[in-house]
Amino acid sequence: DLTPSNMASYEWPFLGVAVSALFTLILCLQVLFNKRVRSRGYAYLISLTPKTYNREMDKHKRKLFATLNDRSAEEILEIGAGGGANFQYFPPKSLITAVEPNPDFEQYLRQSAQANPHLALKGVVVAMAETMTSIADDSVDAVVCTLVLCSVRDVAAVFNEVRRVLKPGGTFYFLEQVLAEPGTWTNSFQSVFDPVLRMFYGGCSVKEDTWDKLKKARFSKVEYERISGPKTWWIFSPHVMGTAVK
C-alpha cells in the first residue's frame, strides 16, 4: 500500500531525475547560445557542405566563373570565403585574399588551399565585408562573393567596399540566396523562420532584395539572373547569380 512514507520514497528518485534533466537542459542551452561555441560549430558544419553544394551547383558556378577563367595570375578577393569552396573554380596562378569575419574558418581555408595547388592563398583577413579597411583601393582584379550577403548588416556598404577595392574594369562575381517570389510557400516559410535562421545560420536572413540594392550601387554594368539552388535546401533555394563591372 502507498502510505505517506512510501510515497515520499517514490517522490525522491523522480525529483532527482527531474532536477538532473533540468540541469542538463540549462547546460545545453548555455552551450547552444554561447557565441564562441556557435562560431566554431558553424565553421565546422559549413566546412562539410561544399562538396554537396558544389555538386548540385557545379554548372551554375562554372557559368558564373567562366570569364574569370579566361584570365590567369589574377588578384582575387573573396568575401566570406568560408572553407574555400570556390577555390577549385579559380584560374591557375591566382593569388587569393580571403576576407572572413569568423576566425575559425582559417584552418579550413588553408586546408582548401593545399588541396588546390593551382592557386596561392595570399592571406586571410579577419574583417566584416562592410569595413575591409586593410584592403587597398583599386588593388584587386576580381571580387567573389557567394552565399554571404544574406548575413551582412549593410549590403549597400558592402557594394561600396567592393567598388573601392576593385581595379578599374574589375569584376564582382556573386551567387546569393535571396527572398523567394511573393505569394509562394517558400516566401512564407522564409518570413516565418527568419529569426531562427539568423541565430543558427551565421546571421543569414533571406529577406533581402539583393539585386535591387546592387542596381543602385553605381557599377558601370550589372548582369544577373534568378536561379534555383539545391532542392535539398528548399528554404534557401531561390538564388540570384551574376556579375557587376566597376
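We use all heavy atoms of the structure for the numbers below, so side chains are in, but hydrogens, waters and symmetry mates are not.
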Next on the checklist: To the nearest 0.5 Å, what is the distance between OG on Ser228 and CD on Glu56?
Outcome noted: 11.5 Å
Checklist entry - When rounded to the nearest 0.5 angstrom, what distance separates NZ in Lys246 from CZ in Arg163? => result 6.5 Å
Item to check | Pairwise distance CD1(Ile79) to CZ(Phe172) - rounded to 0.5 angstrom | outcome: 5.5 Å
Next on the checklist: To check you understand the geometry: which heavy-atom pair defines the closest contact between Val158 and Ala129, and what is its length?
Outcome noted: CG2-CB, 3.8 Å
Next on the checklist: For the CZ atom of Arg62 and the CE atom of Met57, what is their distance to the nearest 0.5 Å?
Outcome noted: 13.5 Å
Item to check | Mutual orientation of the aromatic rings belonging to Phe90 and Phe65 [parallel < 30°, tilted 30-60°, perpendicular > 60°] | outcome: perpendicular
Checklist entry - So does Glu181 pair up with Arg226, basic N to acidic O under 4.0 Å? => result yes
Checklist entry - What is the distance from atom OH of Tyr224 to atom CG of Leu64, rounded to the nearest 0.5 Å? => result 15.5 Å
Checklist outcome for this item: In short, Lys63 meets Glu225 closest at the heavy-atom pair NZ-OE2, 2.9 Å
Checklist entry - Where does the angle between the aromatic ring planes of Tyr108 and Phe105 fall among parallel (under 30°), tilted (30 to 60°) and perpendicular (over 60°)? => result perpendicular
Next on the checklist: Give me the atom names and distance for the closest heavy-atom approach of Val125 to Ser134.
Outcome noted: CG1-OG, 3.3 Å
Checklist outcome for this item: So CG of Leu166 and CD of Glu75: to nearest 0.5 Å the spacing works out to 12.0 Å
Checklist outcome for this item: Taking every heavy atom of Ser94 against every heavy atom of Pro91, the minimum-distance pair comes out as OG-O, 2.6 Å
Checklist entry - Taking Val222 as the fixed residue, which of Thr243, Leu214, Val245 is the one that meets the side chain to side chain contact (heavy atoms under 4.5 Å, CB included) rule? => result Leu214
